[in-house]
Amino acid sequence: MPAAVACSVKCRPHHRLSAPQPPAALDLLPRAPASAAGELRATRCRTPPSLSFARASDQGEARSPPSARRARAAVAGFEEVGAASSAAAAALLAGAQSRHAIFREELVRKAYYAAEAAHRGQMRASGDPYLQHCVETAALLAELGAGPPVIAAGLLHDTVDDAGLDYGSISEQFGAGVADLVKGVSNLSHLSKLARRNDTASRTDEADRLRTVFLAMEDARAVLIKLADRLHNMRTLDSLPKIKQQCFAKETLEIFAPLANQLGILNWKEQLENLCFKHLYPEQYEELSSNLHEFYNRDMIAAAIRRLEQALQVRGLSYRSISGRHKSIYSIYSKMTRKKLDMDEIYDVHGVRVILENKADCFTTLEVVHHLWPRIPGKFKDYVSSPKSNGYQSLHTVVLSEETLPLEIQIRTADMHLQAEFGIAAHWRYKEGVRNCSSSLPEMVEWVRCVVTWQCETLHTDHPSPPGLGSSPRATCTFPSDSDGCPFSYSKQCDHTGPILVILLENEKMSVQELPQNSKILDLLKRASSYDMQLSLRLNSHAVHNLHQELKMGDVLELIPSTPCKSGGYMRELNQMSDHRLAVSQS
């Protein structure tokens with residue numbers, strides 16, 4: 001097994017721009033009142049107080065960078081600005097509209113012109129216009145069936161951090177909903193940068209806790225936008241230096257890919273894992289890819305599909321589709337490494353997936369499959385009767401083909417398939433792929449809250465308990481039709497039983513700390529290495545005046561020593577974070 005990849009240098013923020021950078025977000029925000037800054041007066045290199053994005057709307061336009069002024073102009077008269085924009089930008093929008101009709105929506109077009117103006121002249125390390133990344137991020141969300149507000153936020157997701165467009169402008173022109181999503185993505189991005197810099201991915205328990213904090217964001221749609229952003233960044237990672245490729249891939253493999261799995265978006269999870277494998281272990285990736293190409297028997301799959309189609313027609317069973325599939329390359333690698341197996345010893349390399357109309361036909365089809373081929377004992381899994389914790393449902397069975405090769409057959413309905421592919425976002429779609437944004441979004445957010453609450457209830461110091469185990473098993477939390485129907489109804493205090501997770505920023509290092517319910521700031525301070533020093537404290541970017549204030553899930557406590565210190569990018573990034581609390585929101 002290859003040695004674990006370690007980052008030998010501190011990974012700097014990934015601005016992905018070869019053009020000169022816009023001013024830091026701190027420079028674009030108004031100065032805090034004297035009372036807020038008073039706590040920092042005693043030192044020479046004080047970090048300016050963190051400022052709320054919400055206050056950014058008060059700034060004068062003269063302090064805004066040209067990109068922000070262009071963006072506001074584009075928002076104010078987007079039809080005219082759009083018509084006058086470059087041919088390349090117009091072609092990019094036309095291409096997006098040809099792929100996804102939602103790019104023709106007025107709100108989405110308005111967001112596109114604002115993003116185009118804000119990022120005009122900015123280029124990624126690959127040489128592509130930065131706007132292309134924004135469009136591809138939004139396109140990934142469109143593939144999930146997201147509605148106009150989420151697509152608009154996907155287009156605008158980097159305008160605060162990389163172009164200086166402020167929260168107030170976004171809120172005024174696109175509504176508070178879109179602005180809150182952009183702000184949520186920005187918060188996640190800053191935490192991600194701090195996690196990369198502190199190599200959080202190398203500490204399994206802490207990475208698990210950080211994912212829980214991510215899920216505890218006020219609006220779960222921000223997590224999906226961040227996942228789409230990361231997926232496109234991983235697809236274009238080749239243009240970065242090797243050391244940055246590995247740092248990003250390591251963080252993605254330990255934090256973002258498992259996050260996609262927790263949300264049930266298996267399509268994105270597999271893509272992220274395969275891309276990480278390619279960049280972390282390139283030699284093993286190439287070798288396994290070559291071996292898989294030689295080992296995979298397409299003729300066997302085609303023959304099995306024809307045989308199954310005929311058998312289902314004889315039984316009078318209708319089906320949506322029957323297709324071949326093979327296990328993802330990273331999943332094969334993981335199983336070979338974990339169980340010390342050769343490729344021909346893995347039973348699910350070859351697979352056929354059957355998508356049916358109704359649940360009852362799943363079990364009838366299973367009987368047909370076992371009549372056609374001999375089953376391999378111990379290789380049947382019923383995820384229909386007992387779904388996975390992320391909502392995944394399917395019947396899995398492994399049979400022996402005529403070529404004496406193991407063949408996995410997956411059987412599911414069209415609804416189950418949507419759930420498997422899109423997870424939390426499955427309810428953005430009807431069976432035929434038509435969006436149903438208005439009724440699905442509350443269900444989606446409630447599903448994440450169910451996941452978060454379950455994690456809080458089962459979280460222990462070592463590892464979370466898997467669903468179905470422990471002294472008091474609970475039913476799996478599936479997509480509820482309404483909040484009252486969820487067996488894990490959401491509450492900010494996690495039913496007042498589980499621990500809370502808070503982020504501690506100390507000496508330019510980040511840690512995710514687990515504390516009992518009702519813990520206070522003073523309890524967290526006692527864990528800090530600089531506890532005996534004279535400190536200034538900020539909780540969620542606000543000065544702390546009461547050490548007995550209770551902490552909540554997702555709180556961020558910053559410890560600032562009252563001694564001269566080095567200034568650097570870390571502190572600038574802290575000051576870009578909003579005072580928007582990274583805590584589970586009140587319903």
*Asks:* Do you know the tightest heavy-atom contact between Arg203 and Met510?
*Replies:*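 Nearest pair, atom of Arg203 first, then Met510: NH2-O, 4.1 Å.
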*Asks:* In the structure I gave you, are the side-chain heavy atoms of Leu188 and His157 within less than 4.5 Å of one another anywhere?
*Replies:* no
*Asks:* Taking only residues two or more places apart in sequence, or in another chain, which ones meet Thr137 in a side chain to side chain donor-acceptor pair (under 3.5 Å)?
*Replies:*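 With neighbours one apart ignored, the set is empty.
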*Asks:* As an exercise, state the distance from CZ of Arg197 to SG of Cys247, rounded to the nearest 0.5 Å.
*Replies:*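 One finds 11.0 Å between CZ of Arg197 and SG of Cys247.
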*Asks:* Could you check if a side-chain atom of His542 sits within less than 4.5 angstrom of a side-chain atom of Leu539, using non-hydrogen atoms only?
*Replies:*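 His542 does not reach Leu539 side chain to side chain.
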*Asks:* So which atom in Tyr167 and which in Ala176 form the shortest heavy-atom distance, rounded to 0.1 Å?
*Replies:* OH-O, 4.2 Å
*Asks:* Tell me whether Asp166 contacts the main-chain N or O of Gly168 through its side chain, where contact means a donor paired with an acceptor under 3.5 Å.
*Replies:*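 Yes, the answer is positive, given that a donor and an acceptor are paired below the 3.5 Å cut-off.
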*Asks:* Going by an N to O cut-off under 4.0 Å, is there a salt bridge joining Asp180 and Arg221?
*Replies:* no
*Asks:* Rounded at 0.5 Å granularity, tell me how far CG in Leu266 sits from NZ in Lys388.
*Replies:* 7.0 Å
*Asks:* Closer than 4.0 angstrom, basic N to acidic O: yes or no for Lys552 and Asp555?
*Replies:*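 Here Lys552 does not pair with Asp555 in a salt bridge, since their nearest N and O are not under 4.0 Å apart.
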*Asks:* Who pairs with Glu273 by side-chain contact (heavy atoms from CB on, under 4.5 Å), at least two apart in sequence or on another chain?
*Replies:* Leu253, Ala257, Lys269, Tyr330, Ser331
*Asks:* Roughly how far, to the nearest 0.5 Å, is CH2 of Trp268 from CG of Leu263?
*Replies:*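 One gets 9.5 Å once the value is rounded to the nearest 0.5 Å.
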*Asks:* Could you tell me if the side chain of Leu231 sits less than 4.5 Å from the side chain of Thr252, heavy atoms only?
*Replies:*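 They are not in contact (no side-chain heavy atoms under 4.5 Å apart), so the answer is no.
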*Asks:* Counting C-beta onward and ignoring hydrogens, is there a side-chain heavy-atom pair between Phe214 and Phe256 closer than 4.5 Å?
*Replies:*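 They are in contact (side-chain heavy atoms under 4.5 Å apart), so the answer is yes.
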*Asks:* Can you name the nearest heavy-atom pair linking Ala138 to Gly154, along with the distance?
*Replies:* CB-C, 4.4 Å
*Asks:* Looking only at the side chains, is there a donor atom on one of Arg230 and Ser192 sitting less than 3.5 Å from an acceptor on the other?
*Replies:*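 Yes, Ser192 and Arg230 have a side-chain donor paired with an acceptor closer than 3.5 Å.
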*Asks:* Start with the C-alpha distance between Lys193 and Arg196, add both sets of side-chain angles, then the distance that settles side chain to side chain contact (heavy atoms under 4.5 Å, CB included), and finish with yes or no.
*Replies:* CA-CA 5 Å; Lys193 290 176 183 178; Arg196 262 196 321 279; 3.4 Å; yes
*Asks:* Check whether any side-chain heavy atom of Val502 sits under 4.5 Å from a side-chain heavy atom of Val556, and report yes or no.
*Replies:*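 Val502 vs Val556: side chains apart.
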*Asks:* Between Asp229 and Val185, is a side chain to side chain contact (heavy atoms under 4.5 Å, CB included) present by the stated rule, with each step listed?
*Replies:* CA-CA 9 Å; Asp229 165 68; Val185 176; 5.6 Å; no
*Asks:* Just do the side chain to side chain contact (heavy atoms under 4.5 Å, CB included) check on Leu224 and Val150 with the steps written out, would you?
*Replies:* CA-CA 9 Å; Leu224 293 179; Val150 177; 6.0 Å; no
*Asks:* Do the side chain of Ser519 and the main chain of Pro516 share a donor and acceptor less than 3.5 angstrom apart?
*Replies:* yes
*Asks:* Run the side-chain contact (heavy atoms from CB on, under 4.5 Å) test against Ala153 and tell me which residues pass, sequence neighbours left out.
*Replies:*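 Partners of Ala153 under the side-chain contact (heavy atoms from CB on, under 4.5 Å) test: Val178, Leu181, Val182, Ile225.
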*Asks:* Ignoring hydrogens and geometry beyond distance, is a side-chain donor-acceptor pair present between Asp158 and His119 at under 3.5 Å?
*Replies:* no
*Asks:* Would you say Ile503 and Leu557 make side-chain contact, with heavy atoms under 4.5 Å?
*Replies:*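 Side chain of Ile503 against side chain of Leu557, heavy atoms only: no contact under 4.5 Å found.
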*Asks:* Is a side-chain donor-acceptor pair under 3.5 Å present for Gln271 with Arg235?
*Replies:*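 There is such a pair between these side chains.
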*Asks:* Measuring only between side-chain heavy atoms, which start at C-beta, is Leu237 closer than 4.5 Å to Leu275?
*Replies:*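 No, side chains not in contact.
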*Asks:* Give me the atom names and distance for the closest heavy-atom approach of Leu280 to Ala249.
*Replies:*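 Smallest interatomic distance, heavy atoms only, reads CG-CB, 3.8 Å.
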*Asks:* Looking at Asp208 and Arg211, is there a salt bridge between them, counting it only when a charged N and a carboxylate O are closer than 4.0 Å?
*Replies:*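 Yes.
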*Asks:* Which heavy atom of Leu227 sits nearest a heavy atom of Ala260, and at what distance?
*Replies:*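 Closest approach of Leu227 to Ala260, heavy atoms only: CD1-CA, 4.1 Å.
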*Asks:* Working to the nearest 0.5 Å, report the span between CD of Gln245 and NZ of Lys242.
*Replies:*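 Answer rounded to 0.5 Å: 4.5 Å.
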*Asks:* Could you state the interatomic distance from CG (Leu537) to CG (Leu505), rounded to the nearest 0.5 Å?
*Replies:* 11.5 Å
*Asks:* Taking atom CG of Asn233 and atom OG1 of Thr236, what is their separation to the nearest 0.5 Å?
*Replies:* 5.0 Å
*Asks:* With a 4.5 Å limit on heavy-atom distance, are the side chains of Lys183 and Ile170 in contact?
*Replies:*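 Result no, sub-4.5 Å side-chain heavy-atom pair not found.
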*Asks:* For a quick test of reading the model, state the closest non-hydrogen atom pair linking Ala228 to Leu140 and the distance between them.
*Replies:* O-CD1, 3.4 Å
*Asks:* Give the intermediate values and the outcome of side chain to side chain contact (heavy atoms under 4.5 Å, CB included) for residues Leu504 and Arg527.
*Replies:* CA-CA 10 Å; Leu504 177 64; Arg527 296 188 177 187; 5.6 Å; no
